[in-house]
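Comments concern the structure below.
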Amino acid sequence: MLFSPRFRACWAVLFTCLLAAGCQKKDPLAERKHQLLLEEHTRLAQAVAALNSAQGAEAVKEPVSSTDDASVLTAKNERLREILAARDTIKALAANEALREPIEKQVTEIRGLKFLKPVDYQVLSRKQIKETMAGKLGEVFSEKEFSQMSDAMAAVGLLPAKYPLRQKYIDLLSEQVAAFYDQHQHKLFMYEDATLENAQNRVVLAHELTHALQDQHFGLKRMPLEIKNNDDRAEASSALVEGDATLVMSEFMLKNLTKQMFKDSMVASFTQNMKQLETAPRYLREMLVFPYLRGQEFCAALFAQGGYEAVSKAYARPPSSTAQILHPEKYMANPPEEPIAIEWPNLKVLGHEPTADNTVGEMGTRILFTEWLDAATGEQAATGWRGDRYLYYADGDALVWKTIWGSAQDATEFFDAEKRLLEKRFQPTNPRSAGASYEADAPRFLRLHQTAANEVILIDAAHADWADALATFH
């Protein structure tokens, strides 16, 4: 039935009247809810008044009336709860200040370094984590640079195509972080709900305090932690910094091992939100934990050679590759085994500059083959790495990746693994193999060649003219 506008208006008035009439009836459930809200307000108001009296603060007034409806009472009670929560936070922060001093003292004793100035602590709310992480990343990389990095890593095979690298990286860091040291601001950030009554939080603080010591004595900003054209070198430097702090943290934990610390650690392991880490691509997962796990092993090797003094000396000559982290003997050799630099005189191709110019490194190569093939192949094919460099041209959807190996056998193992990867990834039609050469023209123009100089060069392009142009990069 269609109603005229006038009838609809009358129907609306009638409905409003009926609703109003129904509201005049007593609703036992509504009355009980109203009474409970009034009782809650009384308790909250008394708690706030007691706090104000104890601290000599001005009374906070949130008067109520029996005529206040449920929404008004709920809002007033929420404001009182916020006041109590803020006071609890202040109390917890005060308690944390008292507990920080013995942790600082132990960390300096373990590491053998003194604080040159007091640590600058800053407190953040949990709501500020992602905003803070985004700001820190924005200080180093623009959104455009993140997009270019993502496209280049996808071209190599390390990430899925069009992967939202910047946002996922922020999500990962926000999920995992409990406290962090910022070498740009020289401040140690903690979260207001991270009480040091919790043993696990004391362990985390010991780790971050080690970063404060590193910064004061060695200057973390001088480290190549944020170099943009050599991810491998940046990861190696990070492994020294994080491995050092993890080594100190482990000793701190052993010195303070109690049933409560064990309990807090177990609770943390079971309650830690790991969703972002578990669903991240293998490359991000493994590169996130590499500096801590492999870095600790590297620093332990230095420590075995000369204690923390040997670790401290490494800051004057940071490790230059993940190969040195995975194989500490390469770093400690005299002379050390340094990566072989790859120089190309002109990077412009068909009038375009590369949108990415970077290095994969031994660890990145290991992860690449583990993802596409298997872990055993990944380790075997990456061992013997001596250097690499790749260029990606977004305008031509084209990649050239040159790797250098320690022996002909090492180069052959990489060549064979990369050939298998290309076949699995692209399933090329009519591929051509001849000794140390592998080529295909569909669905991509693929060129893989091993040279007599223990080099392997990969060209992967969407168009033939780009594949031909990149062939000059030898």
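Model, not experiment: these values are computed from the prediction.
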**Listed partners of S150 passing side-chain contact (heavy atoms from CB on, under 4.5 Å), at least two apart** = L159, Y163, L165
**Request:** Using ring-ring contact (aromatic ring centres under 6.0 Å, His included) as the criterion, list what pairs up with F369, not counting sequence neighbours.
**Result:** F414
**Message:** Between K424 (side chain only) and W372 (backbone N and O only), is there a donor and an acceptor less than 3.5 Å apart?
**Reply:** yes
**Asked** Taking the side chain as C-beta and beyond, is there a heavy-atom pair between V456 and L448 under 4.5 Å?
**Response** yes
**Prompt:** Is V400 close to V349 at the side-chain level, that is, under 4.5 Å between some pair of heavy atoms?
**Reply:** no
**Message:** Checking side-chain polar atoms at under 3.5 Å, does R111 have a donor or acceptor matched by the opposite partner on S312?
**Reply:** yes
**Item:** Side chain N201, main chain T195, donor-acceptor under 3.5 Å
**Value:** yes
**Full working for ring pair (Phe, Tyr, Trp, His ring centres under 6.0 Å) between H327 and W385** = CA-CA 11 Å; H327 314 283; W385 178 96; over 10 Å; no
**Message:** Would the distance check show the side chain of T370 and the main-chain N or O of G378 forming a donor-acceptor pair, the cut-off being under 3.5 Å?
**Reply:** no
**Prompt:** Angle class for the H352/W466 ring planes (parallel below 30°, perpendicular above 60°, tilted otherwise)?
**Reply:** tilted
**Message:** Return the CD1 to NZ distance between I325 and K330, rounded to the nearest 0.5 Å.
**Reply:** 12.0 Å
**Request:** Give the C-alpha distance, both sets of side-chain angles, the deciding distance and a yes or no for side chain to side chain donor-acceptor pair (under 3.5 Å) between N358 and Y392.
**Result:** CA-CA 9 Å; N358 217 315; Y392 178 70; over 6 Å; no
**Message:** So does D388 get a backbone contact from the side chain of W401, meaning a donor-acceptor N/O pair under 3.5 Å?
**Reply:** no
**Request:** Measure from the side-chain N and O atoms of H463 to the backbone N and O of F445, and report whether any donor-acceptor pair falls under 3.5 Å.
**Result:** no
**Request:** Rounded to the nearest 0.5 Å, what's the gap from OG on S237 to CG on L220? Could you check?
**Result:** 10.5 Å
**Asked** Would you say Q128 has more than 12 foreign heavy atoms packed within less than 6.0 Å of its CD?
**Response** yes
**Asked** Between E109 and K105, is the closest basic N to carboxylate O distance under 4.0 Å?
**Response** yes
**Message:** Let's go through H211 and Q183 carefully: what are the C-alpha distance in whole Å and the side-chain angles of both, what is the deciding distance for side chain to side chain contact (heavy atoms under 4.5 Å, CB included) to 0.1 Å, and is it a yes or a no?
**Reply:** CA-CA 8 Å; H211 290 325; Q183 69 267 24; over 6 Å; no
**Prompt:** Roughly how far, to the nearest 0.5 Å, is the NZ atom of K348 from the OH atom of Y393?
**Reply:** 10.5 Å
**Request:** For the residue pair H186 and D215, confirm or rule out a side-chain donor-acceptor distance under 3.5 Å.
**Result:** yes
**Request:** Could I get the full list of ring-ring contact (aromatic ring centres under 6.0 Å, His included) partners for Y121, not counting sequence neighbours?
**Result:** none
**Request:** Decide if atom CD of E423 counts as having more than 12 heavy atoms of other residues, nucleotides or ligands within a radius under 6.0 Å.
**Result:** yes
**Message:** Less than 4.5 Å apart, side chain to side chain, heavy atoms only: is that true for D416 and R420?
**Reply:** no
**Message:** Within this structure, what is the CZ-NZ distance for the pair F473 and K402, rounded to the nearest 0.5 Å?
**Reply:** 10.5 Å
**Request:** Taking K228 for its side chain and V140 for its backbone only, find out whether a donor-acceptor pair lies under 3.5 Å.
**Result:** yes
**Message:** What's the separation between atom CG in L399 and atom CG in D151, rounded to the nearest 0.5 Å?
**Reply:** 12.0 Å
**Request:** Scan side-chain atoms only and decide if T403 and E455 contain a donor-acceptor pair under the 3.5 Å cut-off.
**Result:** no
**Request:** Start with the C-alpha distance between L240 and M223, add both sets of side-chain angles, then the distance that settles side chain to side chain contact (heavy atoms under 4.5 Å, CB included), and finish with yes or no.
**Result:** CA-CA 10 Å; L240 169 61; M223 300 280 288; 3.9 Å; yes
**side chain to side chain contact (heavy atoms under 4.5 Å, CB included) evaluation trace for T210 with V107** = CA-CA 7 Å; T210 307; V107 168; 3.9 Å; yes
**Message:** Do Q409 and E413 pair up side chain to side chain, a donor and an acceptor below 3.5 Å, judged on atom types alone?
**Reply:** yes
**Asked** Which residue pairs pass the salt bridge (Lys or Arg N to Asp or Glu O under 4.0 Å) test when at least one of the two sits in residues 287-299, sequence neighbours left out?
**Response** R294-E297
**Message:** I'd like to know if the side chain of R389 reaches the main chain of I342, judged simply by a donor and an acceptor atom lying under 3.5 Å from each other, with no hydrogens or angles considered.
**Reply:** yes
**Prompt:** Taking only residues two or more places apart in sequence or in another chain, which ones pass ring-ring contact (aromatic ring centres under 6.0 Å, His included) with Y292?
**Reply:** H207
**Prompt:** Step by step, would you call T355 with Q148 a side chain to side chain donor-acceptor pair (under 3.5 Å)?
**Reply:** CA-CA 6 Å; T355 50; Q148 291 172 337; 5.4 Å; no
**Asked** Just how far is it from atom CG of L373 to atom CZ of R425, taken to the nearest 0.5 Å?
**Response** 12.0 Å
**Complete:** Given the options K419, Q450, H449, S437 meets side-chain hydrogen bond (donor to acceptor under 3.5 Å, both in side chains) only with H449
**Prompt:** Residues two or more places apart in sequence or in another chain: which of them pass side-chain contact (heavy atoms from CB on, under 4.5 Å) with D182?
**Reply:** K136, F180, H184, Q185, F189
**Asked** If only atom types and distance count, is the side chain of N454 paired as donor or acceptor with the main-chain N or O of A411 below 3.5 Å?
**Response** no
**Request:** Apply salt bridge (charged side-chain N to carboxylate O under 4.0 Å, His left out) to E371 and list each qualifying residue two or more places apart in sequence or on a separate chain.
**Result:** R282
**Message:** Checking E362 now: which residues fulfil salt bridge (charged side-chain N to carboxylate O under 4.0 Å, His left out) with it, not counting sequence neighbours?
**Reply:** R366
**Under the side chain to side chain donor-acceptor pair (under 3.5 Å) test, residues paired with E379 that sit two or more places apart** = none
**Asked** Would one find more than 12 heavy atoms of other residues, nucleotides or ligands at under 6.0 Å from atom CD of E329?
**Response** yes
**Asked** Does any N or O in the side chain of T472 come within less than 3.5 Å of the main-chain N or O of A469, such that one atom is a donor and the other an acceptor?
**Response** yes
**Fill in**
ring-ring contact (aromatic ring centres under 6.0 Å, His included) filter on Y308, not counting sequence neighbours, yields F303
**Message:** Looking at R202 and L196, would you say the former's side chain and the latter's main chain have a donor-acceptor pair under 3.5 Å?
**Reply:** yes
**Steps toward side chain to side chain contact (heavy atoms under 4.5 Å, CB included) verdict (D441, R447)** = CA-CA 9 Å; D441 295 333; R447 307 287 185 263; 2.9 Å; yes
**Student check: side-chain heavy atoms of L99 and E197 closer than 4.5 Å** = yes
**Prompt:** Have D232 and S321 got a donor and an acceptor in their side chains that come within less than 3.5 Å?
**Reply:** no
**Asked** Mind checking what makes side-chain contact (heavy atoms from CB on, under 4.5 Å) contact with A462, not counting sequence neighbours?
**Response** D397, R444
**Prompt:** Is Y181 close to K187 at the side-chain level, that is, under 4.5 Å between some pair of heavy atoms?
**Reply:** no
**Message:** Side chains of F290 and E242, heavy atoms from C-beta outward: is any pair under 4.5 Å?
**Reply:** no
**Asked** Can you name the residues that form a side-chain contact (heavy atoms from CB on, under 4.5 Å) with D468, not counting sequence neighbours?
**Response** none
